[in-house]
Amino acid sequence: MLDKTYDAKAVEPKIARLWEESDAFAAGAGAAEGAEAFAIVIPPPNVTGSLHMGHALNNTLQDILVRFERMRGKNVLWQPGMDHAGIATQMVVERQLMEQQVHRRDLERQEFVDRVWDWKAQSGGIIVNQLKRLGASCDWSRERFTMDEGLSTAVVEVFVTLFKEGLLYKDKRLVNWDPKLLTAISDLEVEQQEVNGQLWHFRYPLAGVRFDPQDDKTFVTVATTRPETMLGDTAVAVHPDDARYRKMVGKQVVLPIVGRLIPIVADEYSDPEKGTGAVKITPAHDFNDFEVGRRHKLRAISVMTPEAKLTLTENDDFLEGLDVTPEVRSRLAGLEGLDRFEARRRVVELMEEGGYLAAVEPHKHMVPHGDRGGVPIEPFLTDQWYVNAAELARPAIAAVREGRTKFVPKAWEKTYFDWMENIQPWCVSRQLWWGHQIPAWYGPDGHVFVEKTEEDALHAAIQHYIAHEGPMKALVEDLLENFRPGEILTRDEDVLDTWFSSALWPFSTLGWPDRTPELQTYYPTSVLVTGFDIIFFWVARMMMMGLHFMDEEPFHTVYVHALVRDKNGAKMSKSKGNVIDPLELIEEYGADALRFTLAILAAQGRDVKLDPARVAGYRNFGTKLWNATRFAQMNGVARNDAFWLRDAKLTINRWILTELTRATREVTEAIAAFRFNDAAGAAYRFVWNLFCDWYLELLKPVFMDEDAAAKAESQAVAAFVLDEIYKLLHPFMPFMTEELWARTAGEGGERSTLLCHAAWPSPEFEDAAAASEINWLIELVSGIRSVRSEMNVPPAAIAPLVVVGANRTTSDRLVRHHAAIARLARVGEVSHAVEPPKSSAQIVVDEATVCLPLGELIDLDAERQRLSKEVARVTEEVARVMAKLSNERFVANAKEDVVAAERQKLAEYQEAQERLQAALARVRDS
RNA sequence: GGGCGAUUAGCUCAGCUGGUAGAGCGCUUCGUUUACACCGAAGAUGUCGGCGGUUCGAGUCCGUCAUCGCCCACCA
């Protein structure tokens, strides 16, 4: 006998253990030989991560699909794993070290990396257990990590191959540099933030003219938001068509403070409408200026260190071509080493002192910030590794265009195309220690060798250097002779962008580059489930890498779900610290309740704003099902395989089987179409509003009756329907349903399989007549209840029923269902009459008028009011439908079945109207 | 500056290919029953953001405006 309430805390761990001990989720578990494959790769959570609502939603949806397909008999793999999360993880361990006053740079690189591995072993990956608590049915035996041996092999393979194909190269250009984390980051890791800044107007004196701040013929005014970069200016640009400046093109200005002579160039980049129409050009510190510099062969002078502090007096690049007078020297010395913001203030002061500051105005503008470090990023001139993304994007675009990969909802395809078609070179190198170190080695002359191993690189280097006469050949030969080959090469210090390895996830986790059986079976995977925030970071890159290395798209469907937002509608993120903890909800209401809530809220293309009250509501739903089972058990409901459903005789049984068929279709179709909310909703309605509210209630008199055959049939049918309910709900509420499945195995019986391996239902039972009969019964009972309630009839009072105008069908039904009606509507004897008795409440159901002769109990005013309201309602309907039908254009243009349906409606409304009016008239008379 | 999405019951949200609205929570009243008070019964509540248009008919399609949100973008 079940307890009155379901104890999630006790059951969930028990069921989890049961699944684990039986390897229930191993790849292909429960599937027949040769079954169709269904694979999902998990979006690998960060090893530093802990379960937040986004994970909970993401993994709930995946688990629903996976459990559903597993039950449908497919050969299912849900591939789990974690991401090493380069910057995030390195920051965590660095923070820990700082607590012991140790800086990363105080350690050897290998020592630091070892510490990160230690950290991972101890406190990394707690999210895996949290996912298990959620019920995620991954094949945990196949768990992978982006830095493990196999995946690292794949990373090296890809890097080397792309390099040799010319799709990956090293380039010196401006990158987004994070001066706090001291690494390059990709465009995607830059967030634009609006800043209330200022716009400074500077006068740059013309060379060879005596500068006079009052005389605008002696200078050119430029405007800037970043005064400190002026130290690296190498030109002023004006628009070629700008009449104001035409005569100045080709002349030079003297860069204030520095004293460098720089040219005025004509370039279309300069916008006559903006600022003063003349713009300072700093190729080493601005992306646009870099391009202008290239066009005009200008020098790019970097004036900052990686920490974004000024470097001038010892910066050869800066000093080159500069006439450093003592005055200049002292000014520069005063600026040396200043942080960029401090430098900004100081530069403005110096400009003002010299009379070069023309104006300052407040200015709102967007400033790029690093999404991890949170500080403004600096365009910085460095050598980095780039992937030719435009080339790889081409087949990735085609795959979606041709429908080989579909986005659900489809609207995301536009986002994907927009980005892919304008894709920039992808900077994949990072100046970190934690990650895949780039497999590139440099010879003494800086020549680069990209190979899978150091041995290969050395081999390549030796061949390369020995082949050509020269100093390198001698040096290498000398090193070899002295048995010091290790000194020939130096390895590239940098590691790869974390997304580089995640881009390979759909095939690297399956064993690539080896052609493993798993790879053959499960690639391409079936569905990728993810939030839209990582379409660019991850989905796009998996598409590129998958197509390039596997020649096939990595998944057929990308299901893009909404983001779970906080109560203000803001995106939840670790860095913002506004996460609601799903574990607390699991603790309070159970994993099933949380899962069901997330599923029913996951309408396509909508944000999910989570209200804990709903979780409580769906926990109640679980309890309801639990108690329905409990009730069934109390009445001897048990599996009876000898009973042939088709032989069910009772209308209620034939009805519930029909409704079950309908509900099953709804749930099945909805899951298959990724309409999780519809699926959950359909199951909910069937269980609560049909099975519990009506079927079990209608069964009560059957169970109390003497009729053994009816009882036995109902017990068998109820047991069958419950089993099907467990199956339908299992993808949503796996723990409770698995428990109920076990607890309803029957006398001495054990289930032949776990519920998670049971076959998904595909019932075919349909009996329209039974359906309409029970719907009539429901309408009748509801009508009587409604009247009783509105008439304030005491609940205990049992009223007789007088039926007027009933046809044969209705009369038969009244006899057949008398027990149920009596019980559910609290009525006694049923009799037939030609005229309704005096002082009775009247309900119109189809052709019959059902009367409750309440005598003294009846409140005539109330009844009159009630009937008037009914009449008014029906009259309104009649008027509406009549207006419609008398509109000839409607009759002429609307579809036939629509018109027919309206006619039918009219007839019904009119009949009801007549009867209700008659009823009202009788009440008035009495 | 470009793009996308939202605006439906007090709250949170459904509403597929057009036939005039639903759920959960909350609220009101009442609780006799072979499970369930995490329950049952009955009930109230909506100019479907505004304005136009297409259509016999629009919450649903089109245009436009308003408000809010998100994404992308190098603008001095």
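Lettering of chains follows the sequences in order, A, B, ..., and the numbering in each one begins at 1. The basis for the numbers below is simple: all heavy atoms, side chains too, and nothing from hydrogens, waters or symmetry mates.
- Between the base of B:rC74 and the side chain of A:Asn288 there is a donor-acceptor pair shorter than 3.5 Å.
- Under the salt bridge (Lys or Arg N to Asp or Glu O under 4.0 Å) criterion, A:Lys624 pairs with no residue, sequence neighbours left out.
- Comparing the same atom, C1', in B:rU20 and in B:rC61 gives a spacing of 16 Å after rounding to whole Å.
- Here B:rC74 presents its C1' atom at 12 Å from CZ of A:Arg295, a figure rounded to the nearest Å.
- Formation of a donor-acceptor pair under 3.5 Å by the A:His818 side chain with backbone atoms of A:Gly828 is found in this model.
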Quick test: give all pairs of protein nitrogen or oxygen and nucleotides 34-36 of chain B nitrogen or oxygen below 3.5 Å, distance rounded to 0.1 Å.
{"unit_1": "B:rU34", "atom_1": "O2", "unit_2": "A:Asn635", "atom_2": "OD1", "d": "2.9"}
{"unit_1": "B:rU34", "atom_1": "O2", "unit_2": "A:Asn635", "atom_2": "ND2", "d": "3.0"}
{"unit_1": "B:rU34", "atom_1": "N3", "unit_2": "A:Asn635", "atom_2": "OD1", "d": "2.9"}
{"unit_1": "B:rU34", "atom_1": "O4", "unit_2": "A:Lys700", "atom_2": "O", "d": "3.3"}
{"unit_1": "B:rU34", "atom_1": "O4", "unit_2": "A:Met704", "atom_2": "N", "d": "2.8"}
{"unit_1": "B:rA35", "atom_1": "O3'", "unit_2": "A:Arg630", "atom_2": "NH1", "d": "3.4"}
{"unit_1": "B:rA35", "atom_1": "O2'", "unit_2": "A:Asn627", "atom_2": "OD1", "d": "3.1"}
{"unit_1": "B:rA35", "atom_1": "O2'", "unit_2": "A:Arg630", "atom_2": "NH1", "d": "2.5"}
{"unit_1": "B:rA35", "atom_1": "N7", "unit_2": "A:Lys700", "atom_2": "NZ", "d": "3.3"}
{"unit_1": "B:rA35", "atom_1": "N6", "unit_2": "A:Glu697", "atom_2": "OE2", "d": "3.2"}
{"unit_1": "B:rA35", "atom_1": "N3", "unit_2": "A:Asn627", "atom_2": "O", "d": "3.0"}
{"unit_1": "B:rC36", "atom_1": "O4'", "unit_2": "A:Asn627", "atom_2": "OD1", "d": "3.0"}
{"unit_1": "B:rC36", "atom_1": "O2'", "unit_2": "A:Asn627", "atom_2": "ND2", "d": "3.4"}
{"unit_1": "B:rC36", "atom_1": "O2", "unit_2": "A:Lys624", "atom_2": "NZ", "d": "2.8"}
{"unit_1": "B:rC36", "atom_1": "N3", "unit_2": "A:Lys624", "atom_2": "NZ", "d": "3.0"}

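- Between A:Tyr589 and A:Tyr618, the ring centre distance reaches or exceeds 6.0 Å.
- A salt bridge is defined here as a Lys NZ or Arg NE, NH1 or NH2 lying under 4.0 Å from an Asp or Glu carboxylate O, and A:Arg295 with A:Glu268 fails to meet this definition.
- Nucleotides B:rG40 and B:rU33 have their C1' atoms positioned 9 Å apart, rounded to a whole Å.
- Residues A:Glu189 and A:Ser186 bring a donor and an acceptor atom of their side chains to less than 3.5 Å of each other.
- Note on A:Arg743 versus A:Glu739: salt bridge recorded, some NZ/NE/NH1/NH2 to OD/OE distance being below 4.0 Å.
- Judged by distance alone, the side chain of A:Glu877 and the main-chain N or O of A:Tyr909 form no donor-acceptor pair under 3.5 Å.
- Salt bridge status for A:Asp418 with A:Lys414: present, with a side-chain N to carboxylate O gap under 4.0 Å.
- Rounded to whole Å, the distance from CZ on A:Phe287 to C1' on B:rC75 is 14 Å.
- Here, B:rC48 and B:rA9 have their P atoms 10 Å apart, quoted to the whole Å.
- By the 4.0 Å N-to-carboxylate-O rule, A:Glu908 lies too far from A:Lys905 to be salt-bridged with it.
- Using a 4.0 Å heavy-atom distance criterion, A:Arg619 is classed as a base contact.
- B:rG63 and B:rU45 have their C1' atoms separated by 33 Å, given to the nearest Å.
- Using cut-offs of 30° and 60° on the angle between ring planes, the pair A:Phe674 and A:Tyr559 is parallel.
- Judged by distance alone, with hydrogens and angles left aside, the side-chain atoms of A:Arg173 form no donor-acceptor pair with the main-chain N or O of A:Leu381 at under 3.5 Å.
- Rounded to whole Å, the C1' atom of B:rC13 lies 36 Å from the corresponding atom of B:rU32.
- Atom pair A:Asp678:CG and B:rC16:C1' shows a separation of 8 Å (rounding to whole Å applied).
- Comparing A:Leu188 and A:Val279, the nucleotide of RNA chain B nearest to each residue sits closer to the 5' end for A:Leu188.
- Under a 3.5 Å cut-off, the side chain of A:Thr234 and the backbone N or O of A:Leu298 do not form any donor-acceptor pair.
- Between A:Trp200 and A:Leu357, some side-chain heavy-atom pair lies under the 4.5 Å cut-off.
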Pull out every protein N or O sitting under 3.5 Å from an N or O of nucleotides 28-30 of chain B, one pair per line with the distance.
none

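- Stem list for RNA chain B (at least 3 consecutive Watson-Crick or G-U pairs, distances under 3.5 Å): B:1-7 with B:66-72, B:10-13 with B:22-25, B:27-31 with B:39-43, B:49-53 with B:61-65.
- Applying the side chain to side chain contact (heavy atoms under 4.5 Å, CB included) rule to A:Phe536 yields the partners A:Leu188, A:Thr415, A:Trp419; only residues at least two apart in sequence or on another chain are considered.
- When distances are taken from the side chain of A:Tyr269 to each of B:rA41, B:rC75, B:rG3, the shortest belongs to B:rC75.
- Straight-line distance from the CZ atom of A:Phe417 to the C1' atom of B:rC72: 17 Å, rounded to whole Å.
- You'll find the ring centres of A:Phe407 and A:Trp412 outside the 6.0 Å limit.
- Mapping A:Val190 and A:Val781 onto RNA chain B by nearest heavy atom places A:Val781 closer to the 5' end of the strand.
- Contact annotation: A:Ser786 side-chain N/O to B:rA41 OP1/OP2 distance is not under 4.0 Å.
- Using C1' as the reference atom, B:rG22 and B:rG46 are 11 Å apart when rounded to the nearest Å.
- Rounded to a whole Å, the CZ atom of A:Phe536 is 15 Å from the P atom of B:rG3.
- Spacing of C1' atoms, B:rU12 relative to B:rC71, comes out at 25 Å, to the nearest Å.
- Here A:Lys280 lies out of heavy-atom contact (under 4.0 Å) with every strand.
- Contact check on A:Glu587 versus A:Lys9 returns a salt bridge, with a Lys/Arg side-chain nitrogen under 4.0 Å from an Asp/Glu carboxylate oxygen.
- Between the CG atom of A:Asn422 and the C1' atom of B:rG3 there is a distance of 12 Å, rounded to whole Å.
- Using atom C1' as the reference point in both B:rC68 and B:rG50, the two lie 15 Å apart (nearest Å).
- The CZ atom of A:Phe532 sits 15 Å away from the P atom of B:rG69 (whole-angstrom rounding).
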Identify each atom pair where a protein N or O and an N or O of nucleotides 17-25 of chain B are less than 3.5 Å apart, giving names and distance.
none

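- Rounded to an integer number of Å, the gap from CG of A:Asp418 to C1' of B:rC70 is 15 Å.
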